[in-house]
Amino acid sequence: VWPESVPALPKEARTLQGWALWKRCMRGMIPSLGLIFLVLGTIFMGLATPTEAGALGVVGAIALAFSYGTLSWSLLYQGMASTMRITAMVTYILIGARVFSLVFQGVGGKEWIEGLLTSLPGGQLGFLVFVNIFIFVIAFFLDFFEIGFIIIPMLAPAADKLGIDLIWFGVLICANIQTSFMHPPFGFALFYLRGIAPRSIKTSDIYWGAIPWIGTMVILVAIVILWPKSVTYWLDKGPKIDPSK
């Protein structure tokens with residue numbers, strides 16, 4: 001729409017020309033595309049579960065680092081240490097969520113929440129609108145781990161009682177949770193961008209720049225609610241994975 005806003009690199013600034021330029025571009029693109037295929041492509045084709053695809057991605061990343069001559073024991077140790085910290089964090093969240101869930105159910109909280117949600121005006125539509133607004137707001141303060149392991153177990157029984165397909169409901173909630181990556185103060189994507197953006201770019205500029213993307217995700221959530229067949233069609237046509245895995 002505005003090509004002058006993203007101009008190409010001027011010819012006088014290009015240090016490579018012809019086949020050398022193509023070779024440099026291909027060397028940078030093809031390995032990265034191969035790594036993306038190992039992770040996402042195998043999932044979409046039904047060849048691997050997300051956990052198995054993650055393992056393939058690790059092997060591919062190590063192979064790329066080796067081919068570029070950057071693989072070292074310090075780099076490998078850094079990757080393993082980061083993985084251990086993240087895994088420990090997720091494990092403790094799971095333990096805390098399980099303890100909270102047991103206590104909450106023990107005092108009758110499950111029945112109270114279920115009765116409250118199933119009696120909302122508007123039936124299924126009223127329930128879906130309320131739940132998605134609630135998750136959108138709470139995602140400002142909780143990340144997707146806490147939402148997935150604490151909030152969702154409270155909502156799923158009410159959705160099932162209202163006759164809502166739980167697989168479709170899961171897709172809807174996942175689409176909503178995606179906004180948690182982009183709105184402050186907990187947006188992971190905003191922190192990632194802050195880490196690579198130059199100091200001249202203000203954090204407030206990053207926050208304001210995320211608003212259009214949040215808007216597109218809200219529109220997506222509305223589409224999934226109003227046209228559920230758009231999801232069930234792809235669930236029927238998509239790759240099938242053995243549930244036992």
Side-chain angles (χ1 to χ4, degrees), residues 1-87 89-90 143-145 171 174-175 177-182 187-201 205-206 209-210 212-214 216-217 219-220 230-231 233-242 245:
V1 180
W2 298 287
E4 65 278 0
S5 298
V6 282
L9 190 66
K11 288 187 177 181
E12 58 271 13
R14 303 176 189 174
T15 58
L16 297 174
Q17 299 289 338
W19 173 245
L21 179 61
W22 277 96
K23 185 178 179 180
R24 174 70 64 83
C25 292
M26 292 298 102
R27 189 172 185 271
M29 290 173 57
I30 293 177
S32 301
L33 291 175
L35 185 61
I36 292 173
F37 173 78
L38 278 178
V39 179
L40 295 179
T42 53
I43 295 176
F44 292 150
M45 295 176 65
L47 301 176
T49 64
T51 302
E52 294 165 348
L56 289 172
V58 171
V59 174
I62 293 175
L64 282 182
F66 178 79
S67 65
Y68 287 137
T70 58
L71 183 63
S72 63
W73 284 113
S74 61
L75 181 64
L76 198 59
Y77 176 81
Q78 179 184 351
M80 291 189 294
S82 300
T83 302
M84 182 183 65
R85 285 193 294 269
I86 295 174
T87 304
M89 178 190 71
V90 174
D143 67 8
F144 60 97
F145 284 119
V171 173
C174 287
I177 290 178
Q178 288 297 313
T179 61
S180 67
F181 288 88
M182 291 181 287
F188 281 116
L190 304 181
F191 284 102
Y192 299 153
L193 187 57
R194 176 70 278 173
I196 63 173
R199 294 182 179 271
S200 58
I201 297 180
D205 295 333
I206 296 176
W213 302 99
I214 297 175
T216 59
M217 295 305 301
I219 293 173
L220 172 62
S230 62
V231 175
Y233 172 82
W234 290 109
L235 289 175
D236 292 336
K237 298 296 182 181
K240 301 300 186 293
I241 297 179
D242 186 358
K245 295 183 179 181

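Keep in mind that what you see is a predicted model, and the values were worked out from it rather than measured.
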Looking at OG1 of T83 and CD of Q78, how far apart are the two atoms once the value is rounded to the nearest 0.5 Å?
10.0 Å
More than 12 heavy atoms of other residues, nucleotides or ligands under 6.0 Å from CE of M29: is that the case?
no
Rounded to the nearest 0.5 Å, what's the gap from CG on L33 to CE on M26? Could you check?
8.5 Å
Nearest heavy-atom neighbours spanning P212 and G209:
CD-O, 3.3 Å
Work out which heavy atom in L64 is nearest to a heavy atom in P31; give both atom names and the distance.
CD2-CB, 3.2 Å
Looking only at heavy atoms, which two atoms of A53 and A48 are closest? And how far apart?
N-CB, 4.1 Å
Output a table of donor-acceptor pairs, distance under 3.5 Å, between side-chain atoms of residues 40-47 and any protein atom two or more places apart or on a different chain; print 'none' if there are none.
from, atom 1, to, atom 2, distance (Å)
T42, OG1, L38, O, 2.6
T42, OG1, V39, O, 3.3

What's the spacing between F66 CZ and L76 CG if we round to 0.5 Å?
13.0 Å
Pairwise side-chain hydrogen bond (donor to acceptor under 3.5 Å, both in side chains) hits with a residue in residues 59-72, at least two apart:
S72-S74
Minimum heavy-atom separation for A197 to I206, with atom names?
CB-CD1, 4.4 Å
Would the distance check show the side chain of S82 and the main-chain N or O of G79 forming a donor-acceptor pair, the cut-off being under 3.5 Å?
no
